[in-house]
Visitor: 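Structure incoming, see below.
In what follows, every heavy atom counts, from backbone to side chain, and hydrogens, waters and symmetry copies are set aside. Whatever order the structure lists ligands and atoms in, that order sets their numbers, starting from 1. Residue numbers start at 1 and run along the sequence shown.
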Amino acid sequence: MKIAFAKSQVPAEGAVVVAVLEGKVLAPSAQNIDGQMGGGLTRAIDASRFEGKKDQTLTIAAPAGLQASRVLLVGLGKAEAVDAAAAQAFGGTVVAQLAGAGDSLATVLVDEIAGAGVSAAEFAANAALGAQLRGYRFDKYLTREKKEDKPSLKKVALALDGHSAAKDAFASLAKVADGVLFARDVVSEPANVINPETLAEQARKLAEVGVDVEVLGEKQMRKLGMGALLGVGQGSAKESQLVIMRWMGAKNEDAAPVAFVGKGVTFDSGGISIKPGHGMEEMKWDMAGAAAVIGVMRALAGRQAAVNAVGVVGLVENMPSGTAQRPGDVVTSMSGQTIEVINTDAEGRLVLADALWYTNDRFKPCAIVDLATLTGAIVISLGNEYAGLFASDDSLAERIAAAGKAVGEPVWRLPMGDAYDKQLKSEIADMKNVGGREGGSITAAQFLKRFVGDVPWAHVDIAGMAWTKKDLPVCPKGATGFGTRLLDRLVADYFEEK
Ligand code: BES
Ligand code: MN
Ligand code: ZN
């Protein structure tokens, strides 16, 4: 979706969009349109049930007195409730309403709203972000789609007084959107296209925006003693990879970095503990944690964030084969701790064990946050509304929760503790990789905690959030890119030099 900012003017072509507050309160530009329509706007509203409540819409096609093809009214609700998130949702609604309406251009007339939490410029910039995110489409393999079935809308223009301030505000949001769309693209790709090697290649492209990218192959990981990660990938024809991305944007070069670690299982068949066939195709998105980590590194570099940040992603394919690891195998992790692999389908924690240990050992970060589609149990606990948050540090947990809330990627904290940790006891090794059905997401987090030492650490289980089966305000159904915006905001609010 192309985004443009223009001076406040009723357009001579395409669709024109105006926001309406609850109680049918028309802003100056809506009044202007109503005037040009000879009162037709007011009459159309009065003839409908449209009241300007949040997400209500009303379209007036071929409006008399205007050159525009149609007028779209979008309800905003009460002025006090208009904030950045509401502006993003508004932008998303504009795209959802007009995507297939026939116009290639939509011009949104933005006014200053008295009593709102955002200025007109901030509203416009956030509406543009919402439009961009909602306008995402992964259609490269739809080779026979008819033209009339493809979206007509190509461009959203935001028209307002002082549009250059809006354009400036959008500049850094657009870089974050780049990161989100990158993440959605690689999550959407099937597993015959995105495997550990090709995903590492995608990550290498971040060098173009100034990220330092290093890729370790199996030989190097074996030397480091990463038996837990390597065991997961040993049944695959593709080579496992560890990608290390560094963005050193802080003025103080020596400032300890904040580290992000991602689970990148490019396909999770379950391995020898193979999954049932129904729904197995969904496991192409078992690398969504890694995608979000790569996405946020791209966003941070893109907007030249004043922070030292490290992103580490463990990339493996979990396959059954003659070389695959077996239930009962004992592997030695880089930390030296041994693990009895009871279930080869509990592979994400094995990958993260070595990726987390490596990250802490090499970079001595000030904090580590990992993102992973780790457990089906978190989907049972929280559904598709919140990601699960686990942390060894209360203040880090609070910051993550606040950042998630601010960007509409909410997380809910779950408890941890020694009683849960005991469920991981093994007779033959230092631990086993599963702790039984009870509290399955928590015992998975307890497992990870054994590989992070004393550094403040948090784990976000995004299994319920990485993919959506229904359209959301700023995300069409499919890959969400969940986590990219959360981590970007976490950096912006708590880790960036001011
Ligand atoms: N990738 C899955 C978790 C998952 C399930 C993500 C559904 C998204 C949707 C993970 O590797 C897995 O298989 N976990 C097992 C753990 C079990 C064997 C202890 C699970 O959740 O069933
Ligand atoms: Mn699994
Ligand atoms: Zn998995």
Visitor: Do any N/O atoms on Gly376 end up under 3.5 angstrom from N/O atoms on ligand 1?
Guide: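 Yes; the residue has a nitrogen or oxygen that sits under 3.5 Å from a nitrogen or oxygen of the ligand.
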Visitor: Mind checking whether Val379 has a heavy atom under 4.0 Å from ligand 1?
Guide: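 The answer is no, since Val379 has no heavy atom less than 4.0 Å from ligand 1.
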Visitor: Distance under 4.0 Å to a non-hydrogen atom of Asn343: what atoms of ligand 1 satisfy this?
Guide: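 In order of numbering, the contacting atoms are 18 (C).
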Visitor: How wide is the angle at the Mn ion (ligand 2) between OE1 in Glu347 and OD1 in Asp345, to the nearest 10°?
Guide: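 The OE1/OD1 angle about the Mn ion (ligand 2) sits at 120°.
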Visitor: Quick check: of its N, O or S atoms, which one does Asp268 have closest to the Zn ion (ligand 3)?
Guide: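 Looking at Asp268, the N, O or S atom with the least distance to the Zn ion (ligand 3) is OD2.
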Visitor: What protein heavy atom lies closest to atom 16 (C) of ligand 1? Include the residue and the distance to one decimal.
Guide: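 Checking every protein heavy atom, the shortest distance to atom 16 (C) of ligand 1 gives Arg349 NH2, 3.9 Å.
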Visitor: Determine, step by step, whether Asp488 and Lys175 satisfy the salt bridge (Lys or Arg N to Asp or Glu O under 4.0 Å) criterion, reporting the C-alpha distance in whole Å, the side-chain angles of both residues, the deciding distance to 0.1 Å, and the verdict.
Guide: CA-CA 10 Å; Asp488 174 74; Lys175 299 300 180 182; over 6 Å; no
Visitor: Using a strict 4.0 Å cut-off to heavy atoms of Thr373, name the atoms of ligand 1 that fall inside it.
Guide: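 Listed by number with element: 1 (N), 2 (C), 3 (C), 6 (C).
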Visitor: Write the atom name of the N, O or S atom in Asp268 that is nearest the Mn ion (ligand 2).
Guide: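 Of all N, O or S atoms belonging to Asp268, OD2 is the one nearest the Mn ion (ligand 2).
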Visitor: List ligand 1 atoms under 4.0 Å from Thr375, heavy atoms only on the residue side.
Guide: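 With Thr375 as reference, the close atoms of ligand 1 come out as 3 (C), 21 (O).
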Visitor: So, 4.0 Å and heavy atoms of Trp285: is ligand 1 close enough to count as a contact?
Guide: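 A heavy atom of Trp285 does come that close to ligand 1.
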Visitor: I'd like to check atom 13 (O) of ligand 1 in this structure: does the protein have a heavy atom lying under 4.0 Å from it?
Guide: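 Yes, because at least one protein heavy atom sits under 4.0 Å from atom 13 (O) of ligand 1.
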Visitor: Without hydrogens or angle criteria, can the side chains of Asn195 and Glu317 be said to hold a donor-acceptor pair below 3.5 Å?
Guide: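 Judged by distance alone, the side chains do not pair up.
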Visitor: Any idea which of Lys263, Met283, Lys275 brings a heavy atom closest to atom 9 (C) of ligand 1?
Guide: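 Heavy atom nearest to atom 9 (C) of ligand 1 belongs to Met283.
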Visitor: Give the atom numbers and elements of ligand 1 that come within less than 4.0 Å of a heavy atom of Glu347.
Guide: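 Near Glu347, the atoms of ligand 1 are 11 (O).
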Visitor: Nearest N/O/S atom of Asp286 with respect to the Zn ion (ligand 3), by atom name, please.
Guide: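 This residue's closest N, O or S atom turns out to be OD2.
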Visitor: Would you say ligand 1 has an N or O under 3.5 Å from any N or O of Asp345?
Guide: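 Yes, there is a polar N/O contact under 3.5 Å.
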Visitor: When you compare ligand 1 with Asp268, is there at least one nitrogen or oxygen pair between them that comes in under 3.5 angstrom?
Guide: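 It does: an N or O of Asp268 is found under 3.5 Å from an N or O of ligand 1.
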Visitor: Round to 10° and report the angle made at the Zn ion (ligand 3) by NZ of Lys263 and OE2 of Glu347.
Guide: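 The NZ/OE2 angle about the Zn ion (ligand 3) sits at 90°.
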Visitor: Tell me whether Leu374 reaches ligand 1 (any heavy atom closer than 4.0 angstrom to a ligand atom).
Guide: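 In this structure, Leu374 qualifies as a contact of ligand 1 - some heavy atom is under 4.0 Å.
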Visitor: List every atom of ligand 1 that sits less than 4.0 Å from any heavy atom of Ala463, numbering the atoms from 1 in the order shown and giving each element.
Guide: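 Here the atoms of ligand 1 in question are 6 (C), 8 (C).
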Visitor: Which of the numbered atoms in ligand 1 are below 4.0 angstrom from a heavy atom of Val434?
Guide: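 Every atom of ligand 1 under 4.0 Å from some heavy atom of Val434: 19 (C).
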Visitor: When you look at Lys275 and Glu282, which way does the salt bridge (Lys or Arg N to Asp or Glu O under 4.0 Å) test go after all the steps?
Guide: CA-CA 11 Å; Lys275 289 179 179 293; Glu282 293 191 10; over 6 Å; no
